[in-house]
Amino acid sequence: MLKKFIEEFKTFALRGNMMDMAVGVIIGGAFSDLVGSLSNNFITPVLKFVTRAETYTLADVARFASEFISSCANFLIMAFVLFCLLKAINTLLSLGRKKEEPAAPTTKKCPYCLSEIPLEATRCPHCTSVIEEK
């Protein structure tokens, strides 16, 4: 009974849309931090400088730049780690699966006008040529 429960939970948790939602939430949080850093370290200081509410030294500008670059690096690292994790999960899930056979064709080309027609067709609906069976 416990084994069936675990199997059902694994099927639920590893569904494609569940994984997509988890990645979206994690990347959304990281992106929120990136946007907050952009606002705090670039937009707000520029607005304060333009309105002469504050003046900044070169050390302040360097600190703003380093904090924003740090946030960008954190976002890229988070995205890379998630990419590697999902790649590993997809590889593990595909180990036991058989490759699907390609579906049998349902159409053929008319030898006269080269348009796609059903396999069972004896006359082309486009050029009205009689199709001879081979």
Side-chain angles (χ1 to χ4, degrees):
M1 179 160 166
L2 182 63
K3 187 175 183 178
K4 183 180 178 189
F5 177 77
I6 291 172
E7 188 66 32
E8 287 176 357
F9 178 75
K10 186 176 90 171
T11 302
F12 166 75
L14 297 178
R15 279 195 326 223
N17 56 354
M18 186 65 80
M19 297 298 287
D20 292 343
M21 186 177 69
V23 168
V25 168
I26 293 169
I27 288 291
F31 190 73
S32 174
D33 291 342
L34 183 65
V35 170
S37 176
L38 176 69
S39 175
N40 295 335
N41 297 309
F42 183 72
I43 295 172
T44 302
V46 167
L47 289 175
K48 285 183 178 180
F49 181 76
V50 168
T51 60
R52 298 177 196 244
E54 271 190 54
T55 56
Y56 297 105
T57 64
L58 194 55
D60 291 333
V61 173
R63 181 175 48 85
F64 292 146
S66 69
E67 287 177 7
F68 180 67
I69 290 171
S70 174
S71 294
C72 290
N74 287 341
F75 177 77
L76 291 174
I77 290 169
M78 179 67 70
F80 180 73
V81 167
L82 278 174
F83 172 76
C84 292
L85 182 67
L86 286 177
K87 190 124 175 104
I89 288 172
N90 288 338
T91 302
L92 285 174
L93 290 176
S94 68
L95 286 179
R97 291 187 186 151
K98 295 180 182 177
K99 292 189 177 183
E100 292 183 14
E101 297 290 327
T106 58
T107 61
K108 60 183 176 182
K109 288 198 180 275
C110 172
Y112 302 102
C113 69
L114 299 178
S115 60
E116 292 283 326
I117 58 174
L119 279 175
E120 298 83 24
T122 57
R123 186 176 290 268
C124 178
H126 303 286
C127 67
T128 68
S129 299
V130 176
I131 308 296
E132 297 175 13
E133 293 295 320
K134 294 180 182 176

Item to check | Heavy-atom pair with the smallest gap, counting every atom of E116 and H126 | outcome: O-NE2, 3.8 Å
Next on the checklist: What's the separation between atom OH in Y112 and atom CD1 in I117, rounded to the nearest 0.5 Å?
Outcome noted: 10.5 Å
Checklist entry - Counting only N and O atoms by type, is there a donor-acceptor contact under 3.5 Å from the side chain of R123 to the main-chain atoms of S129? => result no
Next on the checklist: Less than 4.0 angstrom from a charged side-chain N to a carboxylate O is my criterion; do E7 and K3 meet it?
Outcome noted: no
Item to check | Hphob cluster co-occupancy, F64 + V35, side-chain heavy atoms under 4.5 angstrom | outcome: no
Item to check | Atom CZ of F83: over 12 foreign heavy atoms under 6.0 Å | outcome: no
Checklist entry - Under the 3.5 angstrom rule, does the side chain of S70 hit a backbone N or O of S66 as a donor-acceptor pair? => result no
Checklist entry - Are there more than 12 heavy atoms of other residues, nucleotides or ligands under 6.0 Å from atom CG of L92? => result yes
Checklist entry - Residues in side-chain contact (heavy atoms from CB on, under 4.5 Å) with V46, at least two apart? => result F42, V50
Checklist entry - Do N40 and T44 get their side chains close enough for a donor-acceptor pair, meaning under 3.5 Å? => result no
Checklist entry - Nearest 0.5 Å, what's the OG1-CD1 distance between T11 and I6? => result 12.0 Å
Next on the checklist: Nearest 0.5 angstrom please: M19 CE to L82 CG, how far?
Outcome noted: 9.0 Å
Checklist entry - Just how far is it from atom CG of D20 to atom CG of L86, taken to the nearest 0.5 Å? => result 8.0 Å
Item to check | Path from V23 to I89 over hydrophobic side-chain contacts below 4.5 Å | outcome: yes
Item to check | Common cluster, L85/I26, ILVMFWY with side-chain heavy-atom separation under 4.5 Å | outcome: yes
Checklist entry - Any donor-acceptor pair under 3.5 Å linking the side chain of S32 with the backbone of G28? => result no
Checklist entry - Out of curiosity, L76 CG to L34 CG, how far, rounded to the nearest 0.5 Å? => result 8.5 Å
Checklist outcome for this item: Shortest non-hydrogen pair, P111 vs I131, comes out as CD-CD1, 3.7 Å
Next on the checklist: Test side-chain contact (heavy atoms from CB on, under 4.5 Å) on C113 and C124; report intermediate values, then the result.
Outcome noted: CA-CA 9 Å; C113 69; C124 178; 3.6 Å; yes
Checklist entry - Should I69 and I43 be counted in the same cluster of Ile, Leu, Val, Met, Phe, Trp and Tyr side chains packed under 4.5 Å apart? => result no
Next on the checklist: Grouping I, L, V, M, F, W and Y whenever their side-chain heavy atoms are under 4.5 Å apart, do L38 and I27 come out in a common cluster?
Outcome noted: yes
Checklist entry - With a 4.5 Å limit on heavy-atom distance, are the side chains of C72 and F68 in contact? => result yes
Checklist entry - Got P45 and Y56 here, is their nearest side-chain heavy-atom distance under 4.5 Å? => result yes
Checklist entry - Is a side-chain N or O of K108 found less than 3.5 angstrom from the main chain of L119, in a donor-acceptor match? => result yes
Next on the checklist: Assess the residue pair N74 and D33 against the criterion (side-chain contact (heavy atoms from CB on, under 4.5 Å)); give the C-alpha distance rounded to whole Å, side-chain angles, the decisive distance to 0.1 Å, and a yes or no.
Outcome noted: CA-CA 9 Å; N74 287 341; D33 291 342; over 6 Å; no
